[in-house]
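Proteins come first, then strands; the chains are lettered A, B, ... in the order of their sequence lines, and each starts at number 1. The analysis underlying the following values was restricted to heavy atoms, covering all of them including side chains, and did not include hydrogens, waters or symmetry mates.
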Amino acid sequence: MASIVSVNSLSVSYRSGGRDVPVVHEVSWGVAEGRTLALVGESGSGKSTLAGTLLGHLRHGSRITDGSVHVDGKDVFALPARELRRLRGTTVAMVAQNAGHALTPSMRIGRQIEEVGGDVPVLDLLEQVRLPRPAELARRYPHELSGGQQQRVAIAMAIAARPKVLVLDEPTTGLDVVTQRSVLDLIGALRDELGLAAVLVSHDLGVVARMADEVTVLRSGRVVESAPTRRLFTAPQDPYTRRLLASVPRLDDAGLALVGETGEREIRPRAVLSPEAEVAVSARDVTIDYGSSRAVHGVSFDVRRGEVLALVGESGSGKSTLAWTLAGLRTSSGGTMIHASGDLARLAGKRPLDLRRRVQLVFQNADTSLNPRRSVGDAVRRPLRFFGTVQGRTQAAARARELISDVRLDPALADRLPAQLSGGQRQRIGIARALAGGPDVLIADEITTALDVSVQADVLRLLDDLRRERDLACLFISHDLAVVRGIADRVIVLRHGVVVEEGPTEAVFAEPGHPYTRQLMAAALEPDPDARPLAADVADWADAAEPDSVWTDHGHGHRVRRWRPVTTDGTVPTERTVTTEGVA
Amino acid sequence: MTTLDTAPVAAPVASATRAARAWRTLRSSRTALVGLTIVAVHVLIALLAPLLTSYDPVANDASHALLGPGWEHWAGTDQYGRDVLARVLYGGRYALGVSVAATVLTVALGTVVGCAAALRGGWLDDVLGRVLDAVLSVPSILALLVIVTALGTGPAVIVLAIAVVYVPQVVRVVRGAALAVVPADYVTAARARGERTWSILWREILPNITDVVCVEFAMRASWVVLLISSLSFLGFGADPPTPDWGLMVAENRTAITVVPMASLAPIIALATLVVGLNLAADGLSKAWGVDRIREGS
């Protein structure tokens with residue numbers, strides 16, 4: 001088969017501070033018609049730069065130093081501007097990472113798609129990307145659509161002019177697992193229908209395993225390994241690829257995986273929790289409102305010292321709201337939250353100092369959680385002084401250096417500004433800052449979501465070490481079931497602010513009782529092209545909880561909110577007695 | 001764990017890099033450099049006035065009234081026989097002194113109030129916004145005249161009056177800049193620690209809006225200089241015989257056909273100072289803006 005895209009020993013450098021910094025180094029690859037190639041790498045590997053070159057796009061300040069890019073037989077960077085414009089759209093089209101930003105907010109969806117040109121009517125396109133009621137949707141504005149719908153519109157725009165090559169730059173990053181799954185299915189279907197060649201840029205090996213025919217692994221602008229998908233995932237040759245693959249948490253890990261230099265995995269058994277461990281935080285029927293809408297409906301849980309309790313759910317499930325409320329940044333509208341040293345129902349400013357010190361929050365985005373104008377040492381010293389943990393400047397400085405080395409960083413980093421640190425290092429400083437008060441409850445709000453997979457593994461391991469060393473009660477909030485599986489002792493699954501299932505991690509993963517849990521597990525993508533989903537796809541269901549019988553008990557603290565199946569034609573079986581039994 | 005991953009870059013002390021970066025930014029903008037140089041020259045002249053001229057700026061000398069430019073008096077003399085050049089050189093003292101005092105007060109007040117409004121939000125922000133709107137709807141020179149008429153002239157009153165007139169505008173600008181910082185997680189972290197508003201403002205917000213405040217300072221200073229001179233010109237600012245540029249224009253405009261330099265010289269001095277301040281503000285804001293884009297913030 002002929003190559004429709006071929007990149008020949010391409011080098012790109014970026015001009016910074018008066019010298020050339022190479023970002024892509026003699027990279028060669030190609031895609032045959034109708035095939036899908038994935039460019040995989042961590043941040044800074046040059047994968048997005050490479051994808052951009054297919055459309056003749058280079059970031060401001062970078063230039064091609066060597067090599068060429070041919071698409072459909074044309075040398076992209078030798079084309080005159082007019083030809084290049086024609087190439088974009090009719091031959092190559094791109095779907096960007098964040099569809100919300102790629103759409104013009106003040107233009108109706110229909111007009112926006114029309115503007116791309118192409119002969120396919122807008123409504124046909126919308127139907128093609130499986131959007132319901134296209135005629136109505138075409139009249140809406142981007143902000144009236146959900147993230148998944150926006151991404152579908154962006155895909156519709158990309159295929160409007162019937163291109164031959166589709167460039168997908170992290171097409172599902174930032175989407176929920178369930179939405180991600182459906183968008184990926186759509187892309188796969190369109191690719192086959194239209195016979196497109198696709199270039200998929202992703203850091204997510206699960207996505208790659210599902211979508212790609214061939215994979216090219218990049219690291220610091222160089223090709224590490226290039227192979228057909230199945231061979232790459234079953235027999236990776238390069239140590240870096242092996243380590244990358246090994247770092248991905250799996251749904252069937254019984255504990256946290258420790259990854260060696262050459263990619264061997266060793267599963268560390270979960271910490272054994274003593275049955276007498278005291279309860280650090282106890283929440284009963286907590287409800288939280290945003291104005292008139294209720295974000296969290298009556299959630300109850302206990303977290304014990306040394307235990308990791310995971311809150312799992314999609315965005316909008318209320319898990320972060322709950323975290324912020326515990327940290328005293330929002331008020332609850334009902335229920336009680338009790339800590340051993342005080343009531344957590346009050347806002348942080350009104351809590352006694354000792355209580356504030358004991359409940360600490362680590363933020364999702366390490367980039368914005370540190371003040372860019374203050375050194376990282378200062379970020380750790382401030383809570384030390386503020387909570388009165390240490391007296392005097394020199395002691396604070398010494399203790400801060402200790403804390404920085406406790407999170408496995410070089411204490412010499414204390415004088416750096418956050419911008420001089422990597423994402424993983426910044427997240428560790430965020431953890432060190434939370435530890436400064438000497439907390440016994442740590443609330444980790446999606447702390448690994450923004451990190452690369454190998455860095456994520458390190459941070460998870462650090463968190464696991466810390467809770468063992470310091471006997472921390474840890475509330476671990478995540479949308480990623482595979483991450484939760486390795487680190488959490490117990491899991492609570494939240495859906496629209498309601499707990500649908502809770503129980504020990506092993507029990508929940510072995511026998512997911514609620515259809516929503518099963519849906520989440522079915523949507524999770526494993527880095528293995530032959531992976532069979534841990535749970536089968538689920539039929540429609542409806543909530544069947546009643547005031548006096550909310551739960552179906554599965555023993556050992558594993559309980560599932562009552563539900564009943566709904567037949568596909570929309571009718572609800574009338575005999576409730578038959579179906580209130582949760583199906584395991 | 002084996003991740004004691006120190007990047008190969010040498011670790012510089014944070015404050016040193018900040019100063020170095022500020023200097024680099026400054027040097028990269030010719031506009032800012034030219035503007036700041038003009039302002040610096042003005043400051044130097046005002047400070048060194050007694051060394052630059054041997055004439056007394058307030059001593060009358062009827063025998064030498066209304067002379068044209070010559071070897072004795074480079075810029076001529078006014079109707080009272082005072083040396084125009086000496087009065088222009090000394091005039092900078094009043095203009096700069098009052099302007100700097102007024103601008104410092106205005107920007108300081110405006111920054112604190114603006115940050116506090118952004119940080120606290122809620123009813124405080126709403127009420128403050130409406131009050132400021134009301135103040136902003138009054139033309140500044142009118143408000144100024146009302147205050148000066150009510151409280152009398154004198155530098156202290158003028159400084160106060162200018163603060164009343166210009167603080168709302170500074171609050172607007174600073175509040176906007178601070179609003180971009182407030183949602184950041186490091187501010188949230190400080191809130192979760194239960195820090196006081198003042199310490200969040202000082203430690204977390206202010207360091208991240210210093211560039212906005214600096215530009216606002218330079219911009220505001222040029223407006224203040226003009227406003228003070230207008231006041232003097234109208235007779236509400238400096239009292240005669242204080243050497244002041246606005247006052248000089250007012251005193252000598254009747255004799256403009258006889259000794260044009262007596263009006264022209266203070267105008268040139270005033271114009272160069274305002275242009276200098278404007279260039280500095282413009283250059284700084286651009287240089288910092290570019291800087292921010294490069295940093296990706």
Side-chain angles (χ1 to χ4, degrees), chain A residues 16 258 261 324 327-329 347-353 355-357 359-379 382-383 386-387 405 407-410 412-422 424-425 428 430 433-434 437 455 458 461-462 465, chain B residues 1-22 24 28 119-120 122 180-213 288 290-297:
Chain A
S16 166
L258 308 187
E261 276 303 303
W324 279 48
L329 294 163
L347 282 176
K350 301 203 170 80
R351 293 179 184 175
L353 190 74
L355 182 57
R356 264 181 275 157
R357 180 177 74 75
V359 181
Q360 289 286 322
L361 180 64
V362 183
F363 292 87
Q364 167 175 4
N365 197 336
D367 297 350
T368 66
S369 70
L370 296 173
N371 191 334
R373 305 276 170 196
R374 294 196 165 269
S375 72
V376 297
D378 202 24
R382 179 60 190 165
F386 183 81
F387 291 124
S405 60
V407 293
R408 324 297 191 244
L409 285 177
D410 184 348
L413 291 180
D415 294 328
R416 303 267 186 99
L417 289 176
Q420 295 166 312
L421 265 55
S422 70
Q425 289 174 327
R428 280 159 199 247
R433 176 176 63 184
V455 182
D458 289 345
R461 180 165 164 203
L462 170 68
D465 288 348
Chain B
M1 198 157 355
T2 52
T3 35
L4 287 164
D5 39 3
T6 315
V9 197
V13 179
S15 59
T17 52
R18 208 181 307 165
R21 206 174 51 189
R24 232 190 12 252
S28 72
L119 193 57
R120 293 298 284 270
V181 179
V182 166
D185 286 341
Y186 52 88
V187 179
T188 311
R191 280 184 170 161
R193 276 201 300 273
E195 300 234 21
R196 301 171 152 275
T197 307
W198 177 253
S199 103
I200 295 178
L201 197 158
W202 185 251
R203 298 180 51 86
E204 314 291 348
I205 295 182
L206 211 51
N208 289 293
I209 58 167
T210 35
D211 48 352
V212 176
V213 174
W288 269 317
V290 172
D291 218 36
R292 286 200 157 199
I293 292 167
R294 270 203 206 120
E295 277 177 32
S297 63

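Defined by atom type and a distance below 3.5 Å, a donor-acceptor pair is present between the side-chain atoms of B:Asn208 and A:Asn371.
Taking all atoms of both residues into account, the shortest heavy-atom contact from B:Tyr186 to A:Pro372 is CE2-CD, 3.5 Å. In this structure, A:Ala348 and B:Ala192 approach most closely via the heavy-atom pair CB-O, 3.5 Å.
Contacts between B:Ser199 and chain A at a heavy-atom distance below 4.5 Å involve the side chain alone, from C-beta outward. At a 4.5 Å heavy-atom cutoff, A:Asp367 makes no contact with chain B through either its backbone or its side chain. Looking at A:Leu329, the atoms closer than 4.5 Å to chain B (heavy atoms on both sides) all sit in the side chain, from C-beta outward.
Contact count versus chain A (heavy atoms, under 4.5 Å) is highest, among B:Ala189, B:Pro183, B:Ala184, for B:Ala189. Put simply, of A:Gly349, A:Gly328, A:Pro383, the one with the most heavy-atom pairs under 4.5 Å next to chain B is A:Pro383. Top candidate by heavy-atom pairs under 4.5 Å with chain B, chosen from A:Arg357, A:Arg351, A:Arg433, A:Lys350, is A:Arg433.
Residues passing the side chain to side chain donor-acceptor pair (under 3.5 Å) test with B:Arg191: none are found, sequence neighbours excluded. Residues satisfying the side chain to side chain donor-acceptor pair (under 3.5 Å) test with A:Gln360, not counting sequence neighbours, are none.
Rounded to the nearest 0.5 angstrom, A:Arg382 CZ and B:Arg193 CZ are separated by 6.5 Å.
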| said: Please determine whether side chain to side chain contact (heavy atoms under 4.5 Å, CB included) holds for the pair B:Arg203 and A:Asp378, giving the CA-CA distance in whole Å, both sets of side-chain angles, and the decisive distance to 0.1 Å. | reply: CA-CA 10 Å; B:Arg203 298 180 51 86; A:Asp378 202 24; 3.7 Å; yes
